[in-house]
Protein chains: 2
Amino acid sequence: MDQYHNPTEATLERIGGKWKTAILCLLGEQGPQPNGEMLRILSPVTQKMLTQQLKELEADGLILRTVFPEVPPKVVYELTDSGKSLQIVLDPLCAWGKRLADAAKQAEQEPGN
Amino acid sequence: MDQYHNPTEATLERIGGKWKTAILCLLGEQGPQPNGEMLRILSPVTQKMLTQQLKELEADGLILRTVFPEVPPKVVYELTDSGKSLQIVLDPLCAWGKRLADAAKQAEQEPGN
DNA sequence: CTTCATCGTAACCATTTGGTAACTATAGCA
DNA sequence: TGCTATAGTTACCAAATGGTTACGATGAAG
């Protein structure tokens, strides 16, 4: 990787995957979750995509993967401290997006439509 | 575009291009900038990429493009109010990335290397 | 011996994204 | 006539990203 042009890129590189913010928000709001549960909540994500994104998040030290040696297998994911520290990034990201969605919904009902 | 899974995606869709955060930060910190200046500061961005990203930002209402009818032509870009409102998103993004870079630099000099 | 539940992987493909290099337009200037 | 500076476009290409489908492993339950 060559130099970053500004520090935001380092952050975006870690949360930029298609499902990563959804995953991080889910784990932040609902606490540790098993794979199957995330699969349902984040539908229509596929098992492959979910696994892939989770792997990358784990490699970046943002989440922790715990396997319970049962049958059938059970795997639970949760935020690490570093992952939790992302909350201060995700919150504004979420708030700004919400404002945008609200503004769009408003515009829909305006008379000048 | 289908439904968002969470509101962060709407935000990321707008700032997610390779040079967009750099552009937004530049305009936020240094004020309005002409094309040529941005080209130099954001080097090694190419004219094509810069134009493309600027166009998308303009289409999303985040920046304003002003052409001065001179020869040779002069074009200046600046943040709109909506673009300025992104500051509260970009700042944490930037701060988190900086912390990460600092931590990495620290680890380099640690004895347990 | 087949089925189920759970999590993961492999092979393959389509789209999106980022990038290079060459071209356009215009008026001044030598 | 031909060069300069500024901003942008066009054609083309390579890499990254996201997705579908089918398959593997395991032991309990029927």
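As the structure is a computational prediction, the values presented were derived from the model and not from experiment. In what follows, chains are A, B, ... by sequence order, proteins preceding strands, each numbered from 1. Only heavy atoms go into these numbers, but all of them, side chains included; no hydrogens, no water, no symmetry mates.
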What integer distance in Å separates [X]:[atom1] from [N]:[atom2]?
X       : N      : atom1 : atom2 : result
A:Glu37 : C:dT6  : CD    : C1'   : 13 Å
B:Leu50 : C:dG18 : CG    : P     : 13 Å
B:Gln52 : C:dT20 : CD    : P     : 13 Å
A:Gln47 : C:dA11 : CD    : P     : 18 Å
A:Lys74 : C:dC4  : NZ    : P     : 23 Å
A:Lys18 : D:dG19 : NZ    : C1'   : 8 Å
A:Glu70 : C:dT6  : CD    : P     : 11 Å
B:Leu39 : D:dG8  : CG    : C1'   : 11 Å

So, does [X] get its side chain near the phosphate of [N], meaning an N or O under 4.0 Å from OP1 or OP2?
X       : N      : answer
B:Trp19 : C:dG19 : yes
A:Asn35 : C:dC7  : yes
A:Lys55 : C:dT9  : yes
B:Arg40 : D:dT6  : no
A:Gln53 : D:dG18 : yes

*First locate atom CG of B:Leu93, then atom CG of B:Leu24, and finally report the distance between them rounded to the nearest 0.5 Å.*
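These two atoms lie 10.5 Å from each other.
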*asked:* On DNA chain D, does the nearest nucleotide to A:Gly16 precede the nearest nucleotide to A:Val71 from the 5' side, or the other way round? Give the residue.
replied: A:Gly16
*For the side chain of B:Thr46, counting heavy atoms from C-beta on, which of C:dG8, C:dT20, D:dG8 is nearest?*
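Closest of the options to the side chain of B:Thr46: C:dT20.
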Answer yes or no: is there a donor N or O on one side and an acceptor on the other, between the side chain of [X] and the main chain of [Y], under 3.5 Å?
X       : Y       : value
A:Thr11 : B:Gly97 : yes
B:Arg14 : B:Ala10 : yes
B:Gln53 : B:Trp19 : yes

*Side-chain donor or acceptor of B:Lys48 under 3.5 Å from a matching atom on the base of C:dG19?*
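Per atom types, the contact qualifies.
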*For B:Tyr77, which contact category applies under a 4.0 Å heavy-atom criterion: base, sugar-phosphate, or nothing?*
sugar-phosphate
Name each donor-acceptor pair under 3.5 Å that joins a side chain in residues 56-77 of chain A to protein atoms two or more places apart or in another chain, with its distance.
residue: A:Glu56; atom: OE1; partner: A:Lys20; partner atom: NZ; Å: 2.7
residue: A:Arg65; atom: NE; partner: A:Tyr77; partner atom: OH; Å: 3.3

